[in-house]
Amino acid sequence: MNRRSPLPFQLTAASILVLAASGALAQQAAEPAAEPETPYMPLGLENRPQAQNLQTGYRGSVQLGAGYTSDDNYMFGQYNGLSEEGATAIVDLQWQDFNAGDHYWKISMSDLGLDTREAEITWGKADKLKLNFGFDSQQQVRNDSGRTPFRGDTNQQLPDNWEEGINTSDFAALSGSLRKFDRELDRDRLFAGISASLSDHWRVESNLSYEEKQGHGDVGGGIYINGASADAALLRSPVDYSTTELDLGLSYDASKLHLHGQLAYSDFDNDDDTLTWQNPYSNYGPNVSYPNGYGGLGLAPDSEQVSGRLTGHYLFSPTMRLQFDGSYAVASQDQDYLDYTVNEALVVTEPVPGNNYDGEVATSIFNTRLMLRPMAKMNAQVFYKLRDRDYDADRNGYLYVRGDGADQPGARETVYNTNHDLTSQIAGFEVDYRLPLRSKLSFEYEYEDVERRNAAVEETEEDRYTLGYRIQPWSNFTARIHLQYADRAADTYEWAQNYYALLDTELINATPDTQRYINHPQLMQYYMANRERWEGKLDLTYLPSERWNLNMNLQWQEDDFDKSYLGLTGASWGRLHISASYVASETFSGTVYAGYDVYEGEQTSRAFRGGQEKNAFEIYPPLPQASDPLQDWDLDATDSSTTIGLNLQWLPAKDMELNLDYSFVDTTSEQDYSTPAGSNLVVSDLPDVDTRLHHVEASGTWHMQENLSVQLDYQFYSYETDDWAWDNVQADTIGKVLSFGQQNPNEDIHYLGASVIYRWQ
Amino acid sequence: MPGKHLKAIFIVCATVWVTLLATGNLSAQEEAACFDCHEAEDDSSVHAVFKTVHGSLNGGGTAACTACHGPSEAHNRRGRRNPPDISFGPRWPSDAETRNGSCLGCHENGDQLLWAGSAHEQESMSCDNCHDSHQLQDLQLAKEQSQEQCLTCHTQVKAQIHLPSRHPIAEGKTACVDCHNPHGSLGDAALHQASVNDNCYSCHQDKRGPFLWEHPPVAEDCALCHRPHGSVNDRLLTARGPASCQQCHAAAFHPSVPYGSEGLPSGSANQNLLGKNCLNCHSQIHGSNHPSGARLTR
């Protein structure tokens with residue numbers, strides 16, 4: 001673990017204090033002759049490229065046309081409805097009327113020619129009543145270059161001529177049975193809402209929505225008898241969800257007190273509760289192997305949630321205000337238990353413990369903040385946040401069938417479900433003080449206490465200190481610095497907690513003391529581990545002239561899990577983003593930006609087998625694997641991305657408008673291994689995973705008349721990646737996983753659109 | 001004699017004063033004459049407000065102007081010299097608190113309920129930094145266009161939304177405001193919902209559970225494993241598998257073994273490395289409701 005240099009943070013903290021002190025001194029020196037300072041103004045908001053009047057100055061517009069996509073794809077068209085080669089319609093409508101007496105209406109429709117269409121109609125009467133209803137369709141397309149031999153949806157079968165085998169390379173009929181399949185998910189949502197003023201102080205509102213999510217994802221399923229190995233297959237997973245949500249809200253507004261209360265109900269329904277597949281392998285005997293053997297996965301259970309929420313603030317005085325937001329939600333599901341196994345040939349003597357699960361999670365959240373202004377230049381706030389998760393469900397023993405691969409085991413193999421409860425409390429204060437040169441110094445302290453029940457760590461406590469300074473010494477320059485230090489301490493890591501919680505007493509008693517754990521005793525799960533964190537941000541904005549806006553944003557964060565020997569031991573993250581905007585005139589503006597983002601993670605683990613090798617507490621050689629540091633391995637993972645973007649808007653003539661947008665994204669994912677000297681472990685670095693994206697969007701609009709325009713759109717999208725997880729991985733490449741054999745995306749897509757826009761007043 | 005002249009002067013002045021009173025030119029509150037100067041012109045967006053909902057405030061007309069800009073008597077008398085009581089610029093921008101007070105007079109509830117003390121308010125931003133009520137279409141109220149405003153300042157997100165794995169933010173199907181409340185909230189990252197998980201469950205209800213077999217970090221915080229704006233790794237993961245799983249799992253046999261390039265197709269084609277890695281079998285990563293799902297394989 002490389003030791004972090006504290007020097008950058010010390011310099012940063014010192015620079016904050018120096019800037020603040022110099023600002024105070026400047027105030028002192030200048031005070032006798034000082035003129036009232038203009039207040040701080042956020043920069044760069046005034047010289048953003050302005051929306052053209054043609055976008056915003058008309059009561060209505062309709063756009064009709066057609067577009068053409070050059071090729072089937074799943075990266076370019078992942079979310080925009082343009083995943084298939086061919087022509088699509090361009091249909092958009094915006095229309096509103098606010099002059100129809102005392103009521104108004106508004107219609108908005110977009111992408112009506114695509115599967116991502118959406119529309120909303122709003123009708124209102126001044127501020128007394130508002131009705132709205134509409135629909136929103138979304139589509140997600142994933143890599144569909146893969147193929148599968150399975151047929152069917154929730155019950156997936158192999159073809160009659162299937163030839164089973166021990167490994168995937170034995171599947172002689174595989175190549176002839178592979179079929180392509182779509183991996184699309186469609187969300188279609190209908191919604192309606194009403195908002196009505198009951199009086200000057202009271203307002204009521206209600207919203208109703210119904211959503212269907214349908215299509216296919218992907219999921220892996222394995223058939224096995226123990227954890228040593230499984231006969232797995234990647235499967236096309238059916239998605240057939242519907243969600244109904246209703247809320248009712250009441251608002252109260254007075255001079256001092258403002259409240260908003262809401263009751264909400266959400267019902268999630270999954271039309272499918274099980275996905276079964278025919279076992280393509282020939283292992284584990286005739287009851288399990290092809291053609292009689294089947295595997296079964298449980299799909300997302302139906303659930304519902306009822307919640308209440310109260311948000312508001314109370315103005316004690318102009319210098320004291322209380323804000324609060326509290327909610328209580330109960331999520332429950334009582335789905336009937338599935339059978340231990342879908343394989344009816346397997347012997348199951350002990351039934352599931354009951355008819356249905358009947359689980360309930362109550363989540364209480366309360367956030368509050370007291371804001372004070374003790375002095376004209378000082379603001380202070382005291383805050384408290386509570387989140388409590390209370391999981392209420394019966395704890396039962398489940399004598400589960402391992403992987404649909406063998407008969408139900410003996411009683412000592414029973415496992416027990418565990419309820420994971422959580423209470424998180426944060427308390428703290430923040431103070432800021434305005435200094436000369438439009439600067440502000442702020443300090444914040446937070447204390448967070450998290451208690452977890454049925455977890456390896458009962459309690460963690462964290463102190464967070466944040467120092468911030470913002471200065472605007474000139475009207476065209478702003479600097480902002482932020483520095484945070486956080487120190488988290490965790491209770492003793494009870495490495496055997498989940499072992500004793502999960503397993504049966506008989507099995508535990510039969511296991512030597514030194515092997516009574518699931519994860520190695522020296523591993524600490526990072527989200528519950530001791531941690532020191534440093535975080536800093538630097539933001540500079542400079543407007544050299546009215547036309548220019550320059551910005552630099554630098555962020556970094558370093559985590560040191562100083563008490564963790566195995567697991568995530570360190571992580572750091574850095575981001576640099578620079579941008580420049582130029583508004584030459586009303587007819588030309590441009591923006592260019594570049595960003596670099598890097599994440600580094602360091603983790604350590606120890607490779608060991610079970611049985612005698614699982615003894616983690618031996619100190620005398622020959623050491624079992626779990627006790628032997630020579631079994632350790634380290635992984636340094638680095639994910640980096642470089643982004644460059646360009647945007648130009650040009651009006652070469654009064655009736656002509658040109659736009660150009662270019663995005664370039666280059667990412668690299670690295671994983672490098674190391675082992676201690678003398679280790680017998682053989683592990684080599686993985687190859688880098690690179691992705692590269694070029695996306696050009698160009699449009700030209702000719703305003704033939706005041707109310708009539710012709711628009712041409714062109715997009716070029718180029719994406720490629722070399723992810724080793726799928727590279728050269730055919731359906732039968734992995735011996736024990738029948739995969740899709742999908743290819744890494746490599747797309748060059750052209751899109752051309754032509755449309756006519758008609759506007760009216 | 002001097003008394004007679006004084007008396008005459010007094011009578012004339014009184015007459016003039018009374019006359020002016022009657023015509024309202026000296027009334028305690030002069031009626032605004034906004035349109036005397038702010039005429040409807042092609043290059044002026046002032047009158048566009050009357051085609052929006054704000055144009056009918058207080059009955060419309062100049063009353064709608066003063067509803068937001070204040071009575072502005074001084075500006076009414078000497079428009080080129082005196083600013084309105086509340087000006088949104090560009091010549092005489094009022095301070096942010098004054099400008100916001102004008103809007104919050106009507107819009108202090110709903111999404112704006114917790115504006116005071118919000119990150120944007122502490123940055124001295126004002127409503128008109130993002131919204132424009134003098135346009136027929138306030139682009140900030142349109143989902144697809146509103147994020148362009150957000151990304152002007154939140155530049156680091158501009159890069160993230162183009163990463164290989166992402167939400168449909170760039171397409172405008174998931175807008176910044178679908179998750180975040182730019183007007184402020186008391187939750188983390190100014191999210192609409194009270195917690196990170198509740199925010200995610202508002203679209204991903206299938207992950208809500210509760211499940212018979214939980215994966216504890218899932219129930220605690222989705223952001224422990226996912227980066228919602230975009231990620232280099234698939235499924236918005238902060239780290240790719242199997243390494244991401246091995247940050248928390250080091251059990252006997254396959255969970256504790258390092259998987260390097262030996263497991264590529266050119267070597268052993270290891271099932272824990274290739275394809276969906278751990279999820280080739282442990283697919284129920286968010287939790288399982290199957291009685292045989294204790295290992296999240298069912």
Side-chain angles (χ1 to χ4, degrees), chain A residues 39-40 42 45 48 51 56 79-80 98 138 219-220 222 230 232 243 251 253 268 298 300-301 325 327 340 352 359 361 365 367 371 398 400-401 415 420 518-520 523 525 527 568 577 579 595 603 605 607 610 614 633 639 643 663 665 667 673 683-684 686 691 728-729 733-734 736-737 739, chain B residues 51-53 95 108-109 113-114 117 123-125 129 135-137 139 152 155-156 159 162 164 168 171 173 186 194-195 205-206 208 210 212 214 216 224 232 239 243 246-248 250-253 256-258 260-261 264-265 269 271 274-276 279-281 283 288-292 294 298:
Chain A
Y40 169 83
L45 299 173
R48 287 174 293 188
T56 60
Y79 293 117
N80 62 10
F98 287 89
Q138 297 199 28
V219 70
T243 305
S251 301
D253 291 304
F268 169 76
D325 182 9
S327 71
Y340 277 126
V352 290
V361 169
I365 296 175
N367 297 329
M371 299 165 59
Y398 295 81
Y400 76 97
V401 172
V415 293
H420 299 279
I518 294 176
N519 290 311
H520 195 283
L523 176 132
Q525 287 158 335
Y527 65 99
L568 188 66
H577 190 101
S579 67
Q603 63 190 85
S605 192
K614 197 182 171 187
W633 53 269
D639 296 329
T643 310
S663 300
V665 180
T667 73
Y673 286 93
V683 58
S684 303
L686 285 160
T691 70
N728 297 317
V729 177
T733 297
I734 311 171
K736 288 296 188 179
V737 179
S739 74
Chain B
K51 297 176 183 174
T52 74
V53 66
D95 62 83
E108 198 165 5
N109 212 309
L113 186 59
L114 299 175
E123 263 303 296
S124 300
M125 286 185 68
N129 286 148
Q135 289 179 333
L136 267 72
Q137 310 279 352
L139 293 183
T152 300
T155 53
Q156 71 278 11
H162 293 291
E171 290 82 356
K173 298 301 290 186
L186 292 179
S195 71
Q205 299 90 351
D206 54 313
R208 182 171 65 200
L212 168 60
E214 287 199 311
L224 287 173
V232 171
Q246 291 178 310
Q247 289 176 357
C248 292
F253 298 108
S256 66
V257 174
S261 57
L264 295 176
Q271 67 205 49
L274 302 176
K276 293 172 72 69
L279 274 69
N280 285 329
C281 293
S283 53
S288 169
N289 212 51
H290 196 296
S292 296
R298 284 292 178 272

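As the structure is a computational prediction, the values presented were derived from the model and not from experiment.
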Trainee: What option among B:L279, B:D95, B:L212 has the most heavy-atom pairs under 4.5 Å with chain A?
Mentor: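 Greatest number of close heavy-atom pairs with chain A: B:L212.
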Trainee: Can you name the residues that form a side-chain hydrogen bond (donor to acceptor under 3.5 Å, both in side chains) with A:S605, not counting sequence neighbours?
Mentor: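 A:S605: no side-chain hydrogen bond (donor to acceptor under 3.5 Å, both in side chains) contacts found.
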Trainee: For B:A294, is it the side chain, the backbone, both, or neither that has a heavy atom closer than 4.5 Å to a heavy atom of chain A?
Mentor: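 Answer is side chain: those atoms of B:A294 sit under 4.5 Å from chain A.
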Trainee: With rounding to the nearest 0.5 Å, note down the distance linking NE2 in A:H577 to OG1 in A:T643.
Mentor: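 A:H577 atom NE2 to A:T643 atom OG1 measures 8.0 Å (nearest 0.5 Å).
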Trainee: Most heavy-atom pairs under 4.5 angstrom with chain A, which of B:C281, B:G275, B:P216, B:P258?
Mentor: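 Most heavy-atom pairs within the cutoff with chain A belong to B:P258.
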Trainee: With a 4.5 Å cut-off on heavy-atom pairs, point out which of B:A269, B:S283, B:A250 contacts chain A the most.
Mentor: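 Going by pairs under 4.5 Å, I would pick B:A250.
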Trainee: So which heavy atom on B:S288 is nearest to which on B:H290, and how close?
Mentor: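 Residues B:S288 and B:H290, closest heavy atoms: OG-N, 3.1 Å.
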Trainee: Among B:A243, B:P210, B:A239, which has the most heavy-atom pairs under 4.5 Å with chain A?
Mentor: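 Top option by heavy-atom pairs under 4.5 Å: B:P210.
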Trainee: At what distance, to the nearest 0.5 angstrom, does CG of A:D325 lie from CD1 of A:I365?
Mentor: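 A:D325 CG to A:I365 CD1: 8.5 Å, rounded to 0.5 Å.
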Trainee: For each of B:L274, B:L186, B:T52, tally heavy-atom pairs with chain A at distances under 4.5 Å, and name the one with the top tally.
Mentor: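 Of B:L274, B:L186, B:T52, B:L186 has the most heavy-atom pairs under 4.5 Å with chain A.
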Trainee: Please lay out, stage by stage, how B:N109 and A:D253 fare under the test side-chain hydrogen bond (donor to acceptor under 3.5 Å, both in side chains).
Mentor: CA-CA 7 Å; B:N109 212 309; A:D253 291 304; 2.6 Å; yes
Trainee: Can you say whether A:F268 sits under 4.5 Å from chain B via the side chain, the backbone, both, or neither, judging by heavy atoms?
Mentor: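 Interface part for A:F268: both.
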Trainee: Looking only at heavy atoms, which two atoms of B:G260 and A:L686 are closest? And how far apart?
Mentor: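 For B:G260 versus A:L686, the nearest heavy atoms are C-CD2, 3.5 Å.
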Trainee: Let me know if A:L523 has heavy atoms under 4.5 Å from chain B in its side chain, its backbone, both or neither.
Mentor: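 Answer is side chain: those atoms of A:L523 sit under 4.5 Å from chain B.
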Trainee: Is A:V737 in contact with chain B via its backbone, its side chain, both, or neither, using a 4.5 Å heavy-atom distance?
Mentor: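 Looking at A:V737, just its side chain touches chain B.
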Trainee: Less than 3.5 Å apart, any donor N or O on the side chain of A:S579 or B:T155 sitting next to an acceptor on the other?
Mentor: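 There is no such pair (donor and acceptor under 3.5 Å, judged by atom type) between the side chains of A:S579 and B:T155.
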Trainee: Check each atom of A:Y340 against the heavy atoms of chain B and say whether the ones under 4.5 Å are side chain, backbone, both or neither.
Mentor: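 For A:Y340, backbone and side chain are both near chain B.
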Trainee: Pick one of side chain, backbone, both or neither for B:L114, based on which atoms fall under 4.5 Å of a heavy atom in chain A.
Mentor: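 Backbone plus side chain of B:L114, per the 4.5 Å heavy-atom cut-off to chain A.
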Trainee: Between A:S739 and chain B, which part of the residue has a heavy atom less than 4.5 Å away: side chain, backbone, both or neither?
Mentor: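 Neither part.
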Trainee: Checking A:Y527 now: which residues fulfil ring pair (Phe, Tyr, Trp, His ring centres under 6.0 Å) with it, not counting sequence neighbours?
Mentor: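 Once residues adjacent in sequence are excluded, A:Y527 has no partner under the ring pair (Phe, Tyr, Trp, His ring centres under 6.0 Å) criterion.
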Trainee: Against chain B, label A:V401 side chain, backbone, both or neither, depending on which of its atoms sit under 4.5 Å from a heavy atom there.
Mentor: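 Both backbone and side chain.
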Trainee: Using non-hydrogen atoms and a 4.5 Å limit, figure out which bit of B:Q271 sits close to chain A: side chain, backbone, both or neither.
Mentor: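 Both parts, backbone and side chain.
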Trainee: So A:T667 and B:P164, do their side chains get closer than 4.5 Å, heavy atoms only?
Mentor: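 A side-chain contact exists here, since the closest heavy-atom pair is under 4.5 Å.
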Trainee: Pick one of side chain, backbone, both or neither for B:R298, based on which atoms fall under 4.5 Å of a heavy atom in chain A.
Mentor: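 Both backbone and side chain.
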Trainee: Which atoms of B:S124 come close to chain A, meaning under 4.5 Å heavy atom to heavy atom: side chain ones, backbone ones, both, or neither?
Mentor: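 Interface part for B:S124: both.
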Trainee: Specify which of A:D639, A:T691, A:T733 makes the most heavy-atom pairs with chain B at under 4.5 Å.
Mentor: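 With the most close heavy-atom pairs to chain B, the winner is A:D639.
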Trainee: For A:V361, is it the side chain, the backbone, both, or neither that has a heavy atom closer than 4.5 Å to a heavy atom of chain B?
Mentor: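 A:V361 touches chain B through backbone and side-chain heavy atoms alike.
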Trainee: In Å and rounded to the nearest 0.5 Å, what is the NZ to CG distance from B:K173 to A:N80?
Mentor: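 One gets 10.5 Å once the value is rounded to the nearest 0.5 Å.
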